[in-house]
Amino acid sequence: MPTTISITPPRDYLLHRDVCSYGYFLLAPNRWTPATRTFTRILLLPTGPATIHITQGNTPRPKRGGNLTIHASRTINKPELPDLHDALTRMLRLDETHTHTRAFHKLDPRFKHVGYARLFRSPTMFEDVIKTVTSCNVTWPNTINMNTLLCHHYGPGGSFPTPAIIARLRPANLRGRCRVGYRDARIVHLAKMFNTGQINPTWFQDPANPDDDVRQALLDLPGIGPYAASNIMQLLGRYAYLPLDSESVRHGRTVLGFKGHPAAIMKRIARHFAPMGNQQFRSYWFEIWNHYESKRGPAWTWDRETTGKTFTAAQLK
DNA sequence: GGTAGACCTGGACGC
DNA sequence: GCGTCCAGGTCTACC
């Protein structure tokens, strides 16, 4: 028996804008349907996988803060509701209230009008970490492929695989089936660390722990370098670091007009966003995102198989 | 502490 | 067709 739930989001929440705000909304098991502005994914809950459809309002133009309708393909038992609620809150950033977004817009008013502030993420830190590892040193379509294969081969019912499932795999099998290449052993190692509690998401997500300590702990993990650590920081809700990479260099050259070698451009970018302090990731990211959208149209109109494969700067040349 | 080189994969590009 | 290059980096061995 399907279950339908209604959730009241923060008063400035806009589903199509706040979901289609970071590339991970295009990665399996996530799916966005532009025609109906519906977010769909298979979530693994305590009694098994459930397909969740999320919409906002009944009109073609949803209103900010309008209630979210969560439609589940099966009965969601009462004991499962807290797990569902936690997953939705993390993924959709429902914990970032209007007060949080206003703090960002105060520092960077460029994005106040359109309301950019929340960045889509995964329901678990584990999924965010693995998605980040699969985005390093590859083209975006390859990242899409790796995540599709991970869910297809190892995700219960098509959900994202759990740490316990990946931890049991031989790296060679993971590589062969999911085309993850040299990332195989690192992914299995990370899964083991999550599975045994060596990586404790609660510690990483506790705002009482200083940013510098959290970032250093991330840098100590296998497969996590400066770019990945800074990116995972923003996925943890910590926006004080920039994930500088080849994409940043292109942005510096094409949009900001910086010239010189990649290392020099990265330093200039760091100086450019430094005044944004603990909000600099968002300032940096939405500047890039805005550029993508100026070339490819609003992100909520992108489809994974077409526009969604061609939005990165490397393909905007 | 700074820096080459290797590392999977798959698509783009030049020949 | 085939070889080369490189993409939203990381790691290791050197110096």
Side-chain angles (χ1 to χ4, degrees), chain A residues 20-27 119-122 128-150 152-153 169-190 193 215-235 239 241-256 258 261-267 269-270 273 280-282 284-293 295-296 299 302 304-317:
Chain A
C20 306
S21 57
Y22 194 67
Y24 291 5
F25 86 94
L26 293 161
L27 299 180
L119 289 131
F120 179 82
R121 59 180 171 177
S122 306
D128 275 339
V129 168
I130 300 304
K131 278 184 159 57
T132 299
V133 170
T134 63
S135 76
C136 290
N137 201 28
V138 285
T139 54
W140 181 248
N142 202 350
T143 301
I144 292 178
N145 193 38
M146 287 185 220
N147 280 275
T148 301
L149 291 171
L150 277 167
H152 175 73
H153 288 295
L169 298 176
R170 286 187 186 163
N173 290 344
L174 182 65
R175 175 186 298 213
R177 283 188 158 184
C178 301
R179 317 302 294 161
V180 296
Y182 66 86
R183 300 163 195 80
D184 57 356
R186 296 172 191 175
I187 291 173
V188 171
H189 192 168
L190 286 165
M193 293 178 83
R215 186 161 188 277
Q216 189 53 55
L218 289 169
L219 286 169
D220 291 340
L221 300 178
I224 307 299
Y227 162 79
S230 297
N231 191 54
I232 295 167
M233 288 293 280
Q234 71 88 2
L235 294 162
Y239 304 109
Y241 297 87
L242 298 180
L244 296 175
D245 55 11
S246 55
E247 193 80 350
S248 319
V249 174
R250 275 189 296 276
H251 182 73
R253 284 195 176 122
T254 58
V255 178
L256 301 174
F258 296 162
H261 294 294
I265 291 177
M266 284 194 189
K267 280 184 183 169
I269 291 174
F273 288 100
Q280 56 185 296
F281 178 88
R282 294 206 260 209
Y284 159 84
W285 180 254
F286 286 116
E287 193 174 286
I288 287 186
W289 202 243
N290 204 37
H291 178 63
Y292 295 159
E293 291 194 318
K295 300 287 184 184
R296 290 287 187 269
W302 301 351
R304 185 197 293 167
E305 302 306 324
T306 55
T307 320
K309 283 190 174 175
T310 65
F311 74 87
T312 59
Q315 308 193 42
L316 291 177
K317 284 183 278 194

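Since we're looking at a predicted model, the values are computed, not measured.
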Before you tell me yes or no, could you show the steps for A:N147 and A:Y24 under side-chain contact (heavy atoms from CB on, under 4.5 Å), namely the whole-Å CA-CA distance, both residues' side-chain angles and the distance that decides it to 0.1 Å? CA-CA 10 Å; A:N147 280 275; A:Y24 291 5; over 6 Å; no
is_close_aromatic(A:W289, A:Y292), centroid dist under 6.0 Å: yes
Would you say the base of C:dG8 and the side-chain of A:Y227 have a donor-acceptor pair closer than 3.5 Å? yes
Ring of A:F258, cation from A:R253 - is the NZ or CZ under 6.0 Å from the centre and inside 45° of the axis? no
Just call it for A:P222: base, sugar-phosphate, or nothing, with non-hydrogen atoms closer than 4.0 Å on any strand. sugar-phosphate
Nucleotide B:dG2, atom C1' - distance to NZ of A:K267 in whole Å: 11 Å
On DNA chain C, compare the nucleotides closest to A:L219 and A:W285; which residue's is nearer the 5' end? A:W285
Quantified in whole Å, what is the C1' atom distance between nucleotide B:dG10 and nucleotide C:dC11? 22 Å
Proximity to the side chain of A:Y182 - top-ranked nucleotide from B:dT9, C:dG8, C:dG9: C:dG9
Look at all strands and tell whether A:P226 reaches a base, only sugar-phosphate, or nothing, counting heavy atoms closer than 4.0 Å. sugar-phosphate
Would you say the side chain of A:Y22 and the base of C:dG8 hold a donor-acceptor pair, judged only by whether the two atoms sit under 3.5 Å apart? yes
Within this structure, what is the CZ-to-C1' distance between A:R250 and C:dC6, rounded to whole angstrom? 10 Å
Could you give the distance from CD (A:E287) to CZ (A:F273), rounded to the nearest 0.5 Å? 4.0 Å
Given the structure, check if the side chain of A:N137 and the base of C:dT10 hold any donor-acceptor pair shorter than 3.5 Å. no
Reckon A:I288 touches a base, only the sugar-phosphate, or nothing at all at heavy-atom distances under 4.0 Å? nothing
Using the C1' atom as the reference point in each nucleotide, state the distance between C:dG8 and B:dG2 in Å, no decimals. 24 Å
C:dG9 P sits how many Å from A:M266 CE, rounded? 8 Å
Between atom CH2 in A:W289 and atom C1' in C:dG8, what is the gap in whole Å? 12 Å
Run A:L221 and A:M193 through side-chain contact (heavy atoms from CB on, under 4.5 Å) and show every step you take. CA-CA 9 Å; A:L221 300 178; A:M193 293 178 83; 3.7 Å; yes
Just the rounded figure in Å: distance from C1' of B:dC7 to CG of A:N142. 14 Å
Does a distance-only test, which skips hydrogens and angles, find a donor-acceptor pair under 3.5 Å between the side chain of A:R183 and the base of B:dC8? yes
Which whole-number value in Å describes the distance from A:K309 NZ to B:dA12 P? 10 Å
Winner on side-chain proximity to A:E247, out of C:dT10, B:dG10, C:dG8, is C:dG8
Side-chain donor-acceptor contact under 3.5 Å, A:Y284 with A:S248: yes
Over how many whole Å does the gap from A:D128 atom CG to C:dG8 atom P extend? 20 Å
Would you indicate, yes or no, if B:dG10 has its OP1 or OP2 atom less than 4.0 angstrom from a side-chain nitrogen or oxygen of A:R179? yes
Residue matched to C:dG8 through Watson-Crick or wobble contacts both under 3.5 angstrom: none
What is the distance from CG of A:L221 to P of C:dG9, rounded to the nearest Å? 19 Å
Below the 4.0 Å mark, does C:dG9 have OP1 or OP2 next to a side-chain nitrogen or oxygen of A:S246? yes
